[in-house]
Novice: 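Got a structure here, written out as structure tokens. Questions coming.
All ligand and atom numbering here is 1-based and tracks the order in the structure. Everything numeric in this text was worked out from a predicted model, so none of it was measured. Values below: every heavy atom of this structure, side chains too, minus hydrogens, waters and symmetry copies.
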Amino acid sequence: MAAAKLLAIFGTRPEAIKLLPVVTALRAHPGIETRLCATAQHRALLDQVLAMGGIRPDIDLDLMRPGQPLGTLAARLALELDKVLEREQPDRVMVQGDTATAMAAALCAYHRRIPVSHVEAGLRSGNLHQPWPEEGNRRIISIVADQHFAPTPKAAETLLGEGVDPSAVHITGNTVVDALHAMQARLAVDPAMAQGLDALAARFSDRRIILVTAHRRENLDAMGRIADALRALAARRDSALVLPAHPNPRAGAVLKARLAGLSNVALVEPLDYPHFVRLLALSHLVLTDSGGIQEEAPALGKPVLIMRETTERPEGVEAGTARLVGTNPHSIVAETARLLDDPHAHAAMAQAHSPFGDGHAAPRIAALVARAMSAALV
Ligand code: UDP
């Protein structure tokens, strides 16, 4: 019997990080042929992740153009992905998360009546403009998918509340925890994979490292305020700020202009995953507006201060591993200072339970996909 064909479609660094463990787990199911299609919404960062997994996309659309409007991107994605579906004729499509790529791929599959598996389903901020456009993207995917892999019970409840068929919703954990554990294991055997951080670790060996990332579209107007907060924190002599850049040049420009040259601030290029995981492990706390980092930091016992007004990952806040501090400089500085100055406050967050999964999400998802695909063949 011919293998059933699954086409996994992804475009950005976080999608690749979170899908790699699933692709690896799917390869253990001989009845499924897994094909990969990259749209390369984030070209360089995506390539880093794929190289790390020793994986090459079977189809590479290379659709990234500097500064392309979201509508243009969505239209180009739909046009090209529809051609891919026509050529590939997959039995099922898999998407992850909430990017334009995931949304366009799910929609194109739906138009061709191809079933869609959605990894990391059911996240909601409840506000279509925060994060924008991701909140809209993930809601669209939930409407057309027929397999919803919810990372947490709360995400599953959200889907059921929206009327999704309960038999299509599965609580699996988030695959980013699988990716993180796998990378830690590799680093333990081969620390040279992240030796590019040796100089930074030595430079800040007498300080507590605060890992900072800020790139969300809806935060672009707030970058000046975030930069003010970071400048105030940079005046402290007991800590150092490390900021890996994001490819969105608008996000980076303000921070660079305001923070360059400060002695205990390191502005570094985007890190590949091994270096990022090492930096996270070295950090005392994390200031971020990223989604994935909100999930990874608690898994390593790192307190997270979320520089956003809302989060679609409230599990971290409820578990006590994360706090929403918004983008007001006073609250960013006050909450960070509290964690630096009060060891009990830091320990309470560091020791709280990590709610995003046990590191075995990918094999669970692969088994559920295999079951659905073999049932469809009979
Ligand atoms: N990441 C990375 N290098 C970096 C910064 C982040 O590999 O310099 C990883 C991080 O570990 C996480 C993912 O990229 O898994 C998060 O991506 P990003 O913050 O771009 O997107 P979001 O999660 O907000 O969609």
Novice: Heavy-atom pairs closer than 4.0 Å: do any link ligand 1 to the side chain of K18, the backbone, both, or neither?
Specialist: neither
Novice: Going by distance alone, is a donor N or O of one side chain under 3.5 Å from an acceptor N or O of the other, for S142 and E162?
Specialist: no
Novice: Out of V242, T12, L271, indicate the one that has the non-hydrogen atom closest to atom 3 (N) of ligand 1.
Specialist: L271
Novice: Return a yes/no value for R13: is any of its N or O atoms, backbone included, closer than 3.5 angstrom to an N or O of ligand 1?
Specialist: yes
Novice: Taking 4.0 Å as the limit for heavy-atom contacts, which would you say applies to E296 with ligand 1: side chain only, backbone only, both, or neither?
Specialist: side chain
Novice: Would you say ligand 1 has an N or O under 3.5 Å from any N or O of G291?
Specialist: yes
Novice: I'd like to check which ligand 1 atoms, numbered from 1 as shown, lie under 4.0 Å from a non-hydrogen atom of S290.
Specialist: 16 (C), 18 (P), 19 (O), 22 (P), 23 (O), 24 (O)
Novice: Exactly one of D289, T321, T311 should register a side-chain hydrogen bond (donor to acceptor under 3.5 Å, both in side chains) with Q294. Which one does?
Specialist: T311
Novice: State the atoms of ligand 1, each with its element, that fall below the 4.0 Å cut-off from a heavy-atom position in G292.
Specialist: 22 (P), 23 (O)
Novice: With a 4.5 Å cut-off on side-chain heavy atoms, are N127 and E135 touching?
Specialist: no
Novice: Under 3.5 Å, N or O to N or O, is R216 touching ligand 1 that way?
Specialist: yes
Novice: At a non-hydrogen distance cut-off of under 4.0 Å, which region of H246 contacts ligand 1 (side chain, backbone, both, or neither)?
Specialist: side chain
Novice: Give a yes or no answer on whether the side chain of E269 reaches the backbone of A245 with a donor-acceptor pair at less than 3.5 Å.
Specialist: no
Novice: Going by heavy atoms in the side chains, are L123 and D98 under 4.5 Å from each other?
Specialist: no
Novice: Between R138 and E312, is any pair of side-chain heavy atoms under 4.5 Å apart?
Specialist: yes
Novice: Considering only heavy atoms of P14, which atoms of ligand 1 have at least one such atom less than 4.0 Å away?
Specialist: 17 (O), 21 (O), 25 (O)
Novice: With heavy atoms only and a cut-off of under 4.0 Å, state how H275 meets ligand 1: side chain, backbone, both or neither.
Specialist: neither
Novice: Below 3.5 angstrom, do we get any N/O pair linking P244 and ligand 1?
Specialist: no
Novice: Can you check whether P314 reaches K154 side chain to side chain, under 4.5 Å on heavy atoms?
Specialist: yes
Novice: Test of understanding: given a 4.0 Å heavy-atom threshold, classify the contact between I17 and ligand 1 as side chain, backbone, both, or neither.
Specialist: side chain
Novice: For Q68 and L63, which heavy atoms make the closest approach, and how far apart are they?
Specialist: NE2-O, 3.0 Å
Novice: So, do P363 and D178 sit near enough that their side-chain heavy atoms are less than 4.5 Å apart?
Specialist: yes
